[in-house]
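The chains referred to below are lettered A, B, ... by the order of the sequence lines, with proteins before strands, and numbering in each begins at 1.
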Amino acid sequence: MTTTVAEPAGTAAVAVRASGLGKRYRAKWALRECAFELPAGRVAALVGANGAGKTTLLSVLAGLVNADEGSAVATGRVAFVAQDKPVYRGFTAADVLRLGARLNVVWDEARARRWLERFEVPLDRPCGKLSGGQRAQVAFAVAVGSCPDVLLLDEPLANLDPLARREVTGELLAEVAATGMTVLLSTHVVTELGGVADHLLLLARGRLLVGGDLDDLLARHVRYEGPRSDVPPVLGDVVEARHHGGQSSFLVRLPEGPRPAVAGQWAERAVSLEDYVLAQLAVTRKEPAA
Amino acid sequence: MDRSSGLPAYLQLVRQAREALRLGWLGPGDRLPTVRDVVATSGVNANTVLKAYRELERSGLVEARQGAGTFVKAGLGSADPAVLAALRARLVEWVRAARAAGLDREDIDALVRSVVTAGETEGEGVAVT
């Protein structure tokens, strides 16, 4: 195992590149014109409402599903853990690791075992007799043991209790720090992403609405609260506008450049990741289908 | 780490380091924990920790020494450690009294802030007694 820490953002190579990516199920496009570059060493969160195309995108990137148009390239070895965390129910965790060792060209047995020990998963019990959370850990252990350059996780935190969610993200981040691998994970648990993800991909109705560095993205958005008004107190794109009684609240994407000053009655608030994602989801839900 | 805060995670780390410097928990010559240690203990992304360290470096508070780690270059706050300790002891007593009087954390924060703000506008020092 190497001990290098991920290169600073901006200087890193691209780990995943999608251009004009589209996938259709019969007449319906599940994914369309999806284009982004994910720098190596990043931990990217893939968010979006149910049916937005998150699983389709991950499946295409993992090579499980062929795209109908465009292209997707992931650099190096790719590991994918599907949402249902599939493991053979008759196999013990030790059997699953043996299988992982045989099926993968590169395999780090110690790394996989460390993961299972960390989460106190018994090695000798059939996976069918493990709890749902423990079965998930077996699937994660195999993924980590295969030493991926790009790790794709579909809803890794679903069905885990809050403590386990924190521990899994903590261990994943430690693996990223130790190996420099790139992680792309889809999730609905947006509140727990602050400090965990450093890159955001936001899908809505099969289209990539937002993609980029999380801090840069949030720094360019501000919420303004003040007296009822049809327009915000600054120039910029209104992402979301809310009006209650005599009060208005605007989430505004500011243009490049220094932050504009606002007049007295308006309060200016920094936007949290949750705030931002919820506003984007609320807006896209109201829009007619693309 | 306050994940619901609008303050970016790397700036929260910067603020924690500055507070540690101000309170004398960290001083010139001390080595900051390695990025991996911070990742393991705080559940924060390595890129975020690196960004925080670069920010501290940019403001001249720490320096990275090739292969050795990141070290504190300058302290923050000019107070004599003994004076700081004495002030802290009185504040501990005051907070204890406030809690005994039934104030919760938010009450205490609000009260302290109002006194500090009033002190600034009146242009006089604030005594915590």
How many angstroms lie between CZ in B/R36 and CG in A/L173, if you round to the nearest 0.5 Å?
12.5 Å
Checking heavy atoms, do the side chain of [X], its backbone, both or neither come under 4.5 Å from chain B?
X	result
A/T191	backbone
A/A219	neither
A/D198	both

Check: B/N45 and A/V196 side chains under 4.5 Å, non-hydrogen atoms:
no
Got more than 12 heavy atoms from elsewhere within 6.0 Å of [atom1], [X]?
X	atom1	value
A/L163	CG	yes
A/R166	CZ	no
B/E63	CD	yes

Please check: side-chain N/O of A/D215 versus main-chain N/O of B/P8, any donor-acceptor pairing under 3.5 Å?
no
Heavy-atom pair of closest approach, residues A/A177 and B/V39
CB-CG2, 4.3 Å
